[in-house]
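Remarks on the structure that follows.
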Amino acid sequence: MSSLKNDWEKTGKELGSAFESLGKSLVRSIKSAAKKADEWANEDKTAPTSEEKSDK
């Protein structure tokens, strides 16, 4: 019985570590996406785009 308990305890710890790693990866991805969105939202509107340059 003790062996089964130890197996489940080990499994629980491994799952906890896996979810921790997944959470950290998601936070890094969201942080990167938020930074890109902020750069996009604050980009300089005075510089002509490639489409505007080809119209001239």
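Just so you know, residue 1 is the first one in the sequence shown, and it goes up from there.
The OG atom of S25 lies 10.5 Å from the CD atom of E20; values are rounded to the nearest 0.5 Å.
Using a 4.5 Å cut-off between side-chain heavy atoms of Ile, Leu, Val, Met, Phe, Trp and Tyr, F19 falls into a hydrophobic cluster with L15, L22, L26.
Under a 4.0 Å N-O distance rule, the pair K5/E9 does not qualify as a salt bridge.
In this structure the side chain of K31 never reaches within 4.5 angstrom of the side chain of K35, judged on heavy atoms.
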